[in-house]
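Here the structure comes first, spelled out in structure tokens, and everything after it is commentary.
Computed from a predicted model, the values in this text were never measured in an experiment.
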Amino acid sequence: MTDLDSGPAGPASAPRERERRAERILDAAGELLVAWGYPRITVEDVARRAGVGKGTVYLHFSTKELLFLAVLIRAEARIIERFATGMRADPSAVLLSSVARSTYLWMHEEPIFRATLLGDGDTLGTLSRSTSENLPDLLDVRDRALLAHVEVLREHGLVRTAQSSALQVHAYESILTGFVTIEPLSPSTVPALEDNADMIAHVVRAAFELPGPPESVRAAAPRVNAIYQCLLDRLNSAVPTAREIHRHKRT
């Protein structure tokens, strides 16, 4: 046990101390993910960096996969928060081309996503499987949020309606995923970051969007914002501990 693990805590302070300790563990795990990459990290490494005992880490996160799943969920919540903030400032941020461009840039700015998406492929595969196995309902909420977003834009005449919204969501995600995952496979051919972001926006705009008046964009923005606020709340509720992850899995 380390000094940070020790010391009495009263009933009122115990939950808050547990939350602070979980945050410290997540911070340490995220720093190591960026510095070393997922395969090299052990739970002992995380405990040492967080200043806690190995057993304390397992009290919060029962496996290494669940620990780093929580790290990824927290990083995703930061990106969703940026999107919601930007949309409140500029309603045009709800357009799919704008969302795709911003998401691509933010993924590169967010160290956790850079380490996961642009690092070794095994990390992404392992943590994706962990999400499917441990938080299938979270995946469902995320998918339904994007589907609802597209349907709001269709209602306001901002997205084409010749194809189903489900097909459009699949195509949109394929475009964004393709642009991101090809980079480590062919790094010498990747354009400058801003140029690639502009190209993603162009591809998405050409594939899905219809020109609409500013009032249609302004009318769609509050509804889209509400969708992503619900998603953000769900992400935040999924982060803190493995026990909570398992609780969500059972419900």
- Note on the structure: In this structure, CD1 of Ile182 is separated from OG1 of Thr177 (nearest 0.5 Å) by 12.5 Å

- Item | Heavy-atom side-chain proximity of Tyr172 to Val150 below 4.5 angstrom | no

- Can you name the nearest heavy-atom pair linking Leu210 to Gly157, along with the distance? CB-O, 3.6 Å

- Does Thr42 reach the side chain of Asp45, with side-chain heavy atoms less than 4.5 Å apart? yes

- Taking C-beta and beyond as the side chain, do Leu26 and Phe61 meet within less than 4.5 Å on heavy atoms? yes

- Item | Side-chain donor/acceptor of His108 to backbone N/O of Tyr104, under 3.5 Å | yes

- Task: Using atom types as modelled and distance alone, determine if a side-chain donor or acceptor of Ser237 lies under 3.5 Å from a backbone N or O of Arg234.
- Result: yes

Table please: side-chain donor-acceptor pairs of residues 88-99 below 3.5 Å, with sequence neighbours left out.
unit_1 : atom_1 : unit_2 : atom_2 : d
Arg88  : NH2    : Thr85  : OG1    : 3.4
Asp90  : OD1    : Ser92  : N      : 3.1
Asp90  : OD1    : Ser92  : OG     : 2.9
Asp90  : OD2    : Ser92  : OG     : 2.9
Ser97  : OG     : Glu209 : OE1    : 3.2
Ser97  : OG     : Glu209 : OE2    : 2.9

- Task: Can you measure from CD (Glu183) to CG (Leu193) and round to the nearest 0.5 angstrom?
- Result: 7.5 Å

- Item | Between CZ on residue Arg160 and CG on residue Leu153, distance to nearest 0.5 Å | 13.0 Å

- Message: Do Leu139 and Ile73 sit in one hydrophobic cluster, given that two such residues count as connected whenever their side-chain heavy atoms are within less than 4.5 Å of each other, even indirectly?
- Response: no

- Is Ile112 close to Arg74 at the side-chain level, that is, under 4.5 Å between some pair of heavy atoms? no

- Is there a side-chain contact between Glu194 and Arg101 (heavy atoms, below 4.5 Å)? yes

- Check whether Trp106 and Ile80 end up in the same hydrophobic cluster, where Ile, Leu, Val, Met, Phe, Trp and Tyr are linked by side-chain heavy atoms less than 4.5 Å apart. yes

- Taking all heavy atoms of Leu158 and all of Ser216, pick out the closest pair and write down the distance. CD1-O, 4.0 Å

- Message: Side-chain heavy atoms nearer than 4.5 Å, only ILVMFWY residues, links allowed to pass through others: does that put Val204 and Met199 together?
- Response: yes

- Please tell me if the side chains of Glu110 and Arg82 come closer than 4.5 Å, counting only heavy atoms from C-beta onward. no

- Query: Around Leu167, counting heavy atoms of other residues, nucleotides and ligands shown, do more than 12 lie under 6.0 Å from its CG?
  - Reply: yes

- Message: Closer than 4.0 angstrom, basic N to acidic O: yes or no for Glu44 and Lys64?
- Response: no

- Query: For residues 139-148, which residue pairs qualify under side-chain hydrogen bond (donor to acceptor under 3.5 Å, both in side chains), counting only residues two or more places apart or in two chains?
  - Reply: Glu76-Arg142, Asp140-Arg144

- Query: Between atom CG of Leu32 and atom CZ of Phe68, what is the distance when rounded to the nearest 0.5 Å?
  - Reply: 6.5 Å

- Item | Stepwise salt bridge (charged side-chain N to carboxylate O under 4.0 Å, His left out) test for Arg20 and Glu23 | CA-CA 5 Å; Arg20 284 196 297 264; Glu23 287 294 319; over 6 Å; no

- Task: Please name the pair of heavy atoms, one in Ala29 and one in Val71, separated by the smallest distance, quoted to 0.1 Å.
- Result: CB-CG2, 3.7 Å

- Query: Does some side-chain heavy atom of Ile175 sit less than 4.5 Å from a side-chain heavy atom of Phe208?
  - Reply: yes

- Among Glu173, Arg154, Glu151, side chain to side chain donor-acceptor pair (under 3.5 Å) partner for Gln168: Arg154

- Message: Once rounded to the nearest 0.5 Å, what's the spacing between atom CD1 of Ile200 and atom CZ of Phe179?
- Response: 5.0 Å

- Message: Under 4.5 Å between side-chain heavy atoms, counting indirect links through other Ile/Leu/Val/Met/Phe/Trp/Tyr residues: same cluster for Val159 and Val203 or not?
- Response: yes

- Note on the structure: Taking every heavy atom of Ala145 against every heavy atom of Leu231, the minimum-distance pair comes out as CB-CD2, 4.0 Å

- Query: Considering all heavy atoms of both residues, which atom of Leu232 and which atom of Ala77 are nearest to each other, and what is their separation?
  - Reply: CD1-O, 3.3 Å

- Task: Supply the atom-to-atom distance Arg49 CZ to Trp36 CH2, rounded to the nearest 0.5 angstrom.
- Result: 7.5 Å

- Of all the heavy-atom pairs spanning Val46 and Ile25, show the shortest one and how long it is. CG1-O, 3.8 Å

- Are Tyr38 and Tyr58 connected in the hydrophobic side-chain network, where two residues link if heavy atoms are under 4.5 Å apart? yes

- Polar side chain donor-acceptor pair, Gln229 to Asp233, under 3.5 angstrom: yes

